[in-house]
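Here's the structure, in structure tokens; my notes come after.
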Amino acid sequence: MLSLYKTGAPERRYPRHMRFWAIVLLAGAAFGANDPSYNDSGELMRPPDYREWIYLTSGLGMTYGPARTLASGGVPLFDNVFVKRESYQAFLESGHWPDKTMFVLEIRYPQTHGSINKDGYFQTDVAAMEVALKDETRFPEKWAYFNFETRGGVPAPTAKPLPKTAGCFACHTANGAVDNTFVQFYPTLLAVAREKGTVKASLKPWSPSPAAIYHLADSGKWDQAKQELERARVEEPEAMSTRETSLNTVAYQLFSANRKSEAAEVLRYARTLHPESANLADSLSEILEADGKKADALSAAKEALALLQMDPASAGARREALVKALNERIARLDSKQ
């Protein structure tokens, strides 16, 4: 154990008042200074410093059941999740949440037009606050849930535990990835839980992200990436990874990493999902030309031009620029045949 009275210098002593406060701080840490606090009525005291805890994630408009009318007039609400620092560190070590773990779910209203912002949303006032708490000595079910009534953006100072009949009990028990908690929505901790083997076996995998597809393709595992995309296409038709813009971006990232063959494979697959896209055909033509596949590049360029001509909705400067670029590429490739 490190002495409270020493630093790296030989026998340097701190003043008596500094030694006293060092002992107090260490004692507070050892005996759970950040443990949950209750009033005489057994109500949980709202943690005042939760925004200094570990931030886990934010969601926008998330619902766990049928779509509902949102309190913000149909605009999706933000939610931010924080967890005690000590619990976070323990989870990194074991993949489990220790006793006295406390999560705060802070829900905030969205705003779109403000200052320089013209599109998208940023967060404003608190709309609601909820707490999930693991306290094995106080609650037979180990976990308890609290809703801090919020008025005018200010959550109440205390909250009673929700009754065991509340839907959150059954939902967390049935759907929590690790120990009644939605670790599946905490991207930095899901990998930890998988490594530690603590993820519930019944947790259904969801569609891969565009980043995951890139890394598989970049590692020479395009066949595996394609299988993941096929699963996503069937199970989640609106998956981000199967969208035209996402696949086009992945292809150009691979192209930038000098993985031209993989980039072309991604675009060929993307065209099976989006056969009407002139942009994908143009991208394929460009990458094939860079890879020395002149005949294939010429064919793709002609297909892109034909798709543009068949699309009455495409117009404007961007279309004109694309038509010009395609005609130039076709003339250049034709001359090399």
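As the structure is a prediction and not an experimental result, all values here were calculated from the model. Heavy atoms only: backbone and side chains are in, while hydrogens, waters and symmetry mates are out.
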- Which one of T181, T101, D99, D179 satisfies the side chain to side chain donor-acceptor pair (under 3.5 Å) criterion with K134? D179
Between [X] and [Y], is there a donor-acceptor pair closer than 3.5 Å when you use the side chain of the first and the backbone of the second?
{"X": "R46", "Y": "A156", "result": "yes"}
{"X": "K100", "Y": "L133", "result": "no"}
{"X": "T198", "Y": "G95", "result": "yes"}
{"X": "Q123", "Y": "P110", "result": "no"}
{"X": "R85", "Y": "E52", "result": "yes"}
{"X": "S94", "Y": "H96", "result": "yes"}
{"X": "T158", "Y": "L44", "result": "no"}
{"X": "D291", "Y": "K293", "result": "no"}
{"X": "S246", "Y": "T242", "result": "no"}
{"X": "T112", "Y": "D119", "result": "no"}

A side-chain contact here means heavy atoms from C-beta on lying under 4.5 Å apart; do [X] and [Y] qualify?
{"X": "F169", "Y": "N180", "value": "no"}
{"X": "V81", "Y": "S58", "value": "no"}
{"X": "Y145", "Y": "P161", "value": "no"}
{"X": "I330", "Y": "K302", "value": "yes"}
{"X": "S207", "Y": "M240", "value": "no"}
{"X": "E230", "Y": "Y269", "value": "yes"}
{"X": "N117", "Y": "S115", "value": "no"}

- Report the C-alpha distance between R151 and E149 in whole Å, list the side-chain angles of each, state the deciding distance to 0.1 Å, and finish with yes or no for salt bridge (charged side-chain N to carboxylate O under 4.0 Å, His left out). CA-CA 7 Å; R151 294 180 180 178; E149 184 178 355; 3.0 Å; yes
Is the closest side-chain donor-acceptor distance between [X] and [Y] under 3.5 Å?
{"X": "D135", "Y": "T137", "result": "yes"}
{"X": "E106", "Y": "N80", "result": "yes"}
{"X": "T124", "Y": "Q111", "result": "no"}
{"X": "E262", "Y": "Y214", "result": "no"}

- Item | Y38 six-ring face occupied by R138 cation (under 6.0 Å, within 45°) |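 Satisfied, under 6.0 Å and within 45°.
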First locate atom [atom1] of [X], then atom [atom2] of [Y], and finally report the distance between them rounded to the nearest 0.5 Å.
{"X": "L322", "Y": "D282", "atom1": "CG", "atom2": "CG", "result": "4.5 Å"}
{"X": "L267", "Y": "T272", "atom1": "CG", "atom2": "OG1", "result": "11.0 Å"}
{"X": "K142", "Y": "T173", "atom1": "NZ", "atom2": "OG1", "result": "11.5 Å"}
{"X": "M62", "Y": "I107", "atom1": "CE", "atom2": "CD1", "result": "11.0 Å"}
{"X": "K160", "Y": "F148", "atom1": "NZ", "atom2": "CZ", "result": "13.0 Å"}
{"X": "R268", "Y": "L280", "atom1": "CZ", "atom2": "CG", "result": "13.0 Å"}

- Run the ring pair (Phe, Tyr, Trp, His ring centres under 6.0 Å) check on F103 and W97 step by step: do they pass? CA-CA 11 Å; F103 290 87; W97 297 111; 4.9 Å; yes
- Could you check F146 against L162 for side-chain contact (heavy atoms from CB on, under 4.5 Å), going step by step and ending with a plain yes or no? CA-CA 6 Å; F146 303 81; L162 294 175; 5.8 Å; no
- Task: Report the C-alpha distance between D218 and L216 in whole Å, list the side-chain angles of each, state the deciding distance to 0.1 Å, and finish with yes or no for side-chain contact (heavy atoms from CB on, under 4.5 Å).
- Result: CA-CA 5 Å; D218 187 49; L216 284 172; over 6 Å; no
Closest heavy-atom contact between [X] and [Y]?
{"X": "A251", "Y": "I287", "value": "O-CD1, 4.3 Å"}
{"X": "T150", "Y": "M129", "value": "OG1-N, 3.7 Å"}
{"X": "P98", "Y": "A90", "value": "CG-CB, 3.7 Å"}
{"X": "V178", "Y": "A193", "value": "CG2-CB, 3.8 Å"}
{"X": "M102", "Y": "S87", "value": "N-OG, 4.3 Å"}
{"X": "E289", "Y": "A297", "value": "N-CB, 3.5 Å"}

Taking a hydrophobic cluster as the set of Ile, Leu, Val, Met, Phe, Trp and Tyr residues connected by side-chain heavy atoms closer than 4.5 Å, whether directly or through intermediates, do [X] and [Y] fall within one such cluster?
{"X": "F139", "Y": "V104", "result": "yes"}
{"X": "W222", "Y": "L247", "result": "yes"}
{"X": "L229", "Y": "V266", "result": "yes"}
{"X": "Y186", "Y": "V83", "result": "yes"}
{"X": "Y50", "Y": "Y55", "result": "yes"}

- Task: Walk me through it: do K324 and E320 pass the test side-chain contact (heavy atoms from CB on, under 4.5 Å)?
- Result: CA-CA 6 Å; K324 179 182 178 182; E320 292 176 5; over 6 Å; no
- Within 6.0 Å of CZ in R243, more than 12 heavy atoms from elsewhere: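 It does: R243 CZ has more than 12 such atoms within range.
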- Item | Heavy atoms from other residues, nucleotides or ligands near NZ of K260 exceed 12 (cutoff 6.0 Å) | yes
- Message: For R329 and S285: C-alpha separation, side-chain torsions, deciding distance, then whether side-chain hydrogen bond (donor to acceptor under 3.5 Å, both in side chains) applies.
- Response: CA-CA 9 Å; R329 187 180 303 132; S285 174; 3.3 Å; yes
- Step-by-step side-chain contact (heavy atoms from CB on, under 4.5 Å) determination, I54 to K84: CA-CA 6 Å; I54 297 295; K84 285 173 44 178; over 6 Å; no
- Task: Decide if the gap between the ring center of W53 and the ring center of Y88 is smaller than 6.0 angstrom.
- Result: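 No.
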- Would a line drawn from the ring center of Y121 to the ring center of F78 be shorter than 6.0 Å?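 So the answer is no for these two rings.
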- Return the orientation label for the F185 and F182 ring planes: parallel under 30°, perpendicular over 60°, tilted otherwise.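 Plane angle between 30° and 60°, so tilted.
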